[in-house]
Amino acid sequence: PGYGFLSENSVFVKKLEKEKIAFIGPSSKAIELMGDKIESKKIAKKAGVNCIPGYEEAITDIKQGIKFSKDIGFPVMIKASAGGGGKGMRIAHRLEEFEELVIAAKNEARNAFGDDRVFIEKYIEKPRHIEMQILGDKFGDIVWLGERECSIQRRHQKIIEEAPSSFLDQDTRSKMGSQAVKLAREVQYYSAGTVEFVVNPNKEFYFLEMNTRLQVEHPVTETVTNIDLVEQMIDIADNKKLKFKQDDIVVKGWSFESRLCGESPIKNFLPSAGRIKELSFPKENIRIDSGYQSGGEVSIYYDSLLAKIISKGNNRQDAINVMQKALQEVCIDGVDTNIDFLMDIFKNKNFINGDINTNFIEEVYKGGYKAETSNKNELDIITIFAFCYHISYLVSVNNDIEKISKEWVLYLLHKKINIKFISFQSNKLKIFFGETVKEIEYNINYITSLIKVSFNEKIYQGRITANEKFIKVFYNGSITDVKVLSLTADHLYQKLPEEKKIDTSREVLSPMPGKVTNILVKKNDKVEIGDNLVILDAMK
């Protein structure tokens, strides 16, 4: 059944059980009990699992919800009972915004799950999202396979996961694992499952929910335990016993998973759909789980997840290094993705130090992700990328190397950089860059847009595209437009009149592809800036 809603549909599983068809997953009863977040919390309390302060009943009206919230104390989390994937979830920091957020959560839950029940619990400040992977067979044996940290999220949806967590000590880890097994035993659980916890800065942990299926992030657990979870699920469905006990499970090394999504982080993660022109991944020292290929269509009707990139290292920094290299070698053209945003996170000092929580993106990118860099070394590399690309193009269309201009001007981020061209021979350049002479060797793959440049005994890799106005360079989480002009062309360029901007003030442009679910205005209505006109729905 994969990761989709069908894998957690108890009605579907009941039909299979009635027809004596084996379901690769847990019983319909376990799915039903754990799929309802209100009921699962009651069961968790009964099993002796730590639970977040809150009310295990659906809100029947706003007044009741306000009373609950005042009793718990703001901020509070409003959650859909049938929810998942961040749907039907809102955080109310103040009483004044509570009613509006409850209505929004109920509407979203109704549309996504056909169930608009929501409940309230205390919102834990600076939380870390840490989950325990469990496996149980039909003979009552249940084990936990270590934890995954999934704190890097946008809109309550995970984009980077790792195993193990750099935050937990062995005592806390063991307690969480033990409680996960207790909960599973309470509902006679078998197959693979995940018990999710929220952990505060003092390492106090609370039950969040149980996912009765294979998690999208399961590869990081497989990587560090060397246990194939899908194989185990199939064996358990085939009435086989687990072949290992708790003491047999050993976590070795470190693993990260990056989710490549069809969305635009620069536009506040708006979905991006369309046809993929080119898609390629690194093939060495990395695991790729992908459902797309070149020429495939990314639809507005499905989840934005395009692929998962999984790294392994001997330790956390080693796994980060492997992931950074892999992300630089990914090529995708045709739809916007979060590939550069992922690179930017993996080079962030707080992330590298393990100083993360579920608000990491909001805290680090307060004004949103700009895809910019002010690092001088990175700007120098970007400049060299653009110059190599331009010279390579000139060499390919001009057989006489002597006709290529010797003096060049490059513009990027309102900076003017002068380069003197000395010599070229078989993908090797010699230039005056500032006050120094640089000998550069480059390689460009025009199909994947990947560029690799070596100088100063180091190798740098990025992506590069060009149009009639500028060269666009993607490097280490930044996206930079570079204009490359010969000295003569630059003199003429300065004399050109300013380009007239097209007036779009009377046009309504959709910021994303999607399905129009509601039109909020009619002909001859007067509208002002900030008025809502149309509601669009796309992906998650």
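Values reported hereafter were calculated over all heavy atoms of this structure, with side chains retained and with hydrogens, waters and symmetry mates removed. For the single chain, residues carry numbers from 1 onward in sequence order.
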Enclosure of K122 NZ (heavy-atom neighbours >12, cutoff 6.0 Å): yes
Side-chain donor or acceptor of D344 paired with backbone N/O of K347 under 3.5 Å: no
Aromatic contact, Y460 with F455 (centres under 6.0 Å): yes
Within-4.5 Å side-chain heavy-atom neighbours: R316 and F256: yes
N202 side chain vs E204 backbone, donor-acceptor pair below 3.5 Å: no
Minimum side-chain heavy-atom gap Y446-Y389 below 4.5 Å: yes
Backbone N/O of E441 and side chain of N427: donor-acceptor pair under 3.5 Å: no
Plane angle bin for F197 and F205 - parallel if under 30°, tilted between 30 and 60°, otherwise perpendicular: perpendicular
Within 6.0 Å of CG in L95, more than 12 heavy atoms from elsewhere: yes
SB check K126 E363 (cutoff 4.0 Å): yes
Sidechain-backbone polar pair: K312 side chain, V224 backbone, donor-acceptor under 3.5 Å: no
Ion pair check, R287 and D289, cut-off under 4.0 Å: yes
Ion pair check, E161 and R259, cut-off under 4.0 Å: yes
Heavy-atom donor-acceptor pair, S392 side chain to C388 backbone, under 3.5 Å: no
Carboxylate-amine/guanidinium contact R148 E257, below 4.0 Å: no
Pairwise side-chain contact, Y206 with N200, heavy-atom cut-off 4.5 Å (strictly under): yes
Whether N353 side chain and D355 backbone form a donor-acceptor pair below 3.5 Å: no
Residues E131, K158: salt bridge by 4.0 Å N-O rule: yes
Flag side-chain contact, heavy atom, 4.5 Å: I384 against I440: yes
Under 3.5 Å: donor-acceptor pair, side chain of N456, backbone of K458: no
Within-4.5 Å side-chain heavy-atom neighbours: V251 and T225: yes
Atom of K515, atom of I300 and distance for their closest heavy-atom approach: N-CD1, 3.7 Å
For residues 267-283, which side-chain donor-acceptor pairs fall under 3.5 Å, sequence neighbours excluded?
unit_1	atom_1	unit_2	atom_2	d
S272	OG	D336	N	2.9
R275	NH1	G295	O	2.7

Short N-O contact, K41 and E121, less than 4.0 angstrom: yes
Under 3.5 Å: donor-acceptor pair, side chain of N338, backbone of F341: no
Lys/Arg-Asp/Glu bridge criterion (N-O < 4.0 Å) met for R90, E100: no
Student check: side-chain heavy atoms of Q153 and I361 closer than 4.5 Å: no
Pairwise side-chain contact, F119 with K37, heavy-atom cut-off 4.5 Å (strictly under): yes
Lys/Arg-Asp/Glu bridge criterion (N-O < 4.0 Å) met for D333, R463: no
Expected output: side-chain T172 to main-chain L168 donor-acceptor under 3.5 Å: no
